[in-house]
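A short worksheet on the structure shown next.
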2 protein chains.
Amino acid sequence: MAQAVRHDAMRARNLALVLGEVNARGSLTRAALAEITGLTKTTVSKLVADLIEAGLVVETGAVRDGERGRPGVVVRVSGEHVASVGLEINVDYLAVRVVDLSRTVRLRRTQAVDNRFAQPGDVVALLRDLALKAVDDAVDMGLRVVGGVLAVPGPVDQRTGTVHNAPNLGWRDVPVAALLELPFPVQVENEANLAALGELWFGSGLSDFLHVSGEIGIGAGLVVRGRLFQGSHGFAGELGHVVVSPDGPACRCGGKGCLEQYASQDALAAATGLPPGAGPHGNGAQRTGAQAGGASGNGTQATPGGTTAGDISWIVSRLEAGDAAALAACERAGWALGVALSSAINLVDPDTIVLGGIYGPLFPWIGEAVAATLTSRLGQMRDAVPPVVVSRLGTEAAALGAAGQVIQRVIADPAALLQT
Amino acid sequence: MAQAVRHDAMRARNLALVLGEVNARGSLTRAALAEITGLTKTTVSKLVADLIEAGLVVETGAVRDGERGRPGVVVRVSGEHVASVGLEINVDYLAVRVVDLSRTVRLRRTQAVDNRFAQPGDVVALLRDLALKAVDDAVDMGLRVVGGVLAVPGPVDQRTGTVHNAPNLGWRDVPVAALLELPFPVQVENEANLAALGELWFGSGLSDFLHVSGEIGIGAGLVVRGRLFQGSHGFAGELGHVVVSPDGPACRCGGKGCLEQYASQDALAAATGLPPGAGPHGNGAQRTGAQAGGASGNGTQATPGGTTAGDISWIVSRLEAGDAAALAACERAGWALGVALSSAINLVDPDTIVLGGIYGPLFPWIGEAVAATLTSRLGQMRDAVPPVVVSRLGTEAAALGAAGQVIQRVIADPAALLQT
DNA sequence: TGAATTAGTCTACGTTGTGGACTAAATATC
DNA sequence: GATATTTAGTCCACAACGTAGACTAATTCA
């Protein structure tokens, strides 16, 4: 529910307003800030002084010149003091990113591991080591890490920081946030949502889009006017289980003909001719063992062994070689993605479709089929069919979005930081 | 973009907070308000005094008693002064509702007309007459009408108050808001969205749901935490064109196998055996003529003549008589609705599904099929499949939601009203 | 009848933004 | 090169609003 506004809340709000404008426009003089915000020069000066004292903003020596009159002193967001960590647990790697307040990536660390062979506790312990090392390095750079967010491939209970169900990791009800016990608050979020936020803050500059994360599963994150849409329980965006064909192949979710059966990494690998559990990495027996250790309910899946990230480069190599099966698989996946997206567009009305994850490398072979399907299904009713574009961010998107979310929170409420 | 907070904005916010609590909890003493809002008794008293002076709130003689100590004076939202009008243009009727600030419906007026035989200008002129008469009556009751909202069956450009495309009326780019020229601001909105808001404010008391409006077309409105989700351009909720079967019957939208082809009023009437254009009202020749005057692009539809509201009671009578074709049509419609809703649930994660419009009278024959389809498609992945319930509001939902939206705006920002 | 308890008002005060005067630092003009 | 003009930023008296706690009012309990 809404909160009472007292003088301190008024101040907090105006601090956020000023910092937000500095953040959005790069660098500004106090005079320009007064003009934009509608506050008086006096007030803006006081607010900026507070922000400078807190180390969130710096005066650059540079002054705005050219016009006549006294030149203003330009301020910009300072990346020298405050930072956040973005963490990611995925099927075949762990990732840590440190991002400063000016949204500069200060540290990138990715470690390849096969998490399907490991217990949740071990995975989290390894991630914890990586995170603590990264924080140490950040401190050496003079940065203060104020918080972190962890991306996991599956739906999450945000309140408790528990991973509800991550089928590709074989996790069920794992209290990751508690297990991590880092020296700052850590929030846990669905990878697909964070990848969308990564695209928002580190991508092409759009602020209204549906971001599709193609991985072992297929998730999506909807950003409307710069804000993530989460649904009633935070489980929105399960694009992978949108119906493509109501009597199509059975899916692990219990439905039939879900998008994942046509366009997930596993489906593409199988259709291209990769034998189940016989990809470039590991072997079938080992994998099955790992799965039995954790996952359940995957019995109905077409490729019970699952695939690894290496498989996607194998598929790309087949496509580049002109392999007919691979090309046909992409054509079909593109069509299915188009069908599912046409439902999504009718329901949530996104401005643009951004394809990320495996659809990045596969874009040359599926982009056109997706766009063509959308045009044929939507073109008659609408003035404009949402354009389909590819994300520039690779597998980084989720970890960057995770780090960015903490930064976003500081920008949106700098007063919370001043008090401590 | 966010706005600067000055003293007046602080006050406006706190006025809204107090009024909002009074509105939400029915009636409260100043002391209770101070407790709930966290404001001091002094401040609450001042705010309440302003609200009383503006006529938005009244002291009821009644006092809260039972406990010891001085009894408090209870205040509640006053329905005696401020009111709004909800307007609706639909295929076969015009509706006007006057609702006061306490959300009591003060005036109901519905006029049956066949708007497919009329020019937009004539329809709007008739509605204008109805609205002005209703406003006169409201004034006689001592009410001041502060605004209105108009519900139309189709997507709308809210900024300009233009109906983009209402296929069932045969309207295209009609500037309704301008044509209406009522003596207060009127906003135009999609009927499906307003029906969802009607359900929110006048229905079963839920604040998280997807409301499905079954009519000639099928629309939906998503309410999350008491707020309507609109999408990037305000066109979200087009459930009627969600894919049920990608190679199903052609739809006027250009797609194939859209939900409307299975579960719209027209589809049900046709499947029950109503010959195209030969329903209880009018005849085929007349209808075709009316359609040619306005609509276009309906050539591929199964029942080009369309149906009228009377047809739904005809279908219900067939169902009550045990007609096999009608029962099968409902079974199929329920299944299709379930398939489309399973996609919607995966994408937007609603808490509850509320079926309204024609699905109200049809609920006994389709409710179970919808729920069963949802359970079979979603049950394995989720702890809980959203329950499917029926709306208590009949055809009134949209007009009530329209009126309610103005009331909601006053509650959310009473200060805006005080200034005038 | 008086003590206890709770509701609401009154008054001095603190915090924050405002508006206009004032100082500072640049360019334009003669 | 001196002076006018223009724009940036600071200073100070003031106004708006919420706060805190004393105070009055109205009820129940003993």
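A, B, ... follow the sequence lines: proteins, then strands. Residue 1 opens every chain.
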Checklist entry - Would A:Arg106 and A:Asp137 count as a side-chain contact (heavy atoms from CB on, under 4.5 Å) if you check the C-alpha gap in whole Å, the side-chain angles of each, and the deciding distance to 0.1 Å? => result CA-CA 10 Å; A:Arg106 299 291 283 261; A:Asp137 294 351; over 6 Å; no
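Between B:Gln408 and B:Leu197, every side-chain heavy-atom pair lies at or beyond the 4.5 Å cut-off. The shortest side-chain heavy-atom distance between B:Glu189 and B:Leu228 falls under the 4.5 Å cut-off. Between A:Val135 and A:Phe184, the closest side-chain pair of non-hydrogen atoms falls below 4.5 Å. By the 4.5 Å heavy-atom criterion applied to side chains, A:His7 and B:Met10 are counted as neighbours.
Side-chain proximity of B:Ala31 to the nucleotides C:dA7, C:dT18, D:dC29 is greatest for C:dA7.
A donor-acceptor contact under 3.5 Å is not formed by the side chain of B:Thr43 with the base of D:dC17. For D:dG9, its base never sits under 3.5 Å from the side chain of A:Thr29 at any donor and acceptor pair.
Taking atom CG of B:Leu33 as the reference point, atom P of C:dT9 lies 12 Å away to the nearest angstrom. At whole-Å resolution of the value, NE2 in B:His7 and P in D:dC14 are 16 Å apart. Look at CG on B:Leu47: it is 9 Å from C1' on D:dG18, rounded to the nearest Å. Protein atom CD of B:Glu35 is 15 Å distant from nucleotide atom C1' of C:dG8, rounded to whole Å. Atom pair B:Arg11:CZ and D:dT19:P shows a separation of 11 Å (rounding to whole Å applied). When the P atom of C:dT16 is taken as reference, atom CG of A:Asn14 falls 11 Å away, rounded to whole Å. What separates CZ of A:Arg70 from P of C:dA25 is a distance of 6 Å, to the nearest Å. One interatomic measurement links the two molecules: CG of A:Asp50 to P of C:dG17, which rounds to 9 Å at whole-angstrom precision.
When each of A:Asp8 and A:Lys41 is assigned the nucleotide of DNA chain C bearing its nearest heavy atom, the one mapping closer to the 5' terminus is A:Asp8. For the pair A:Arg6 and A:Ala32, both in contact range of DNA chain D, the more 5′-proximal nearest nucleotide belongs to A:Ala32.
Look at B:Thr42 and you won't find any side-chain N or O under 4.0 angstrom from OP1 or OP2 of D:dG18. Checking the phosphate oxygens (OP1, OP2) of D:dA20, no side-chain nitrogen or oxygen of B:Thr40 falls inside 4.0 Å.
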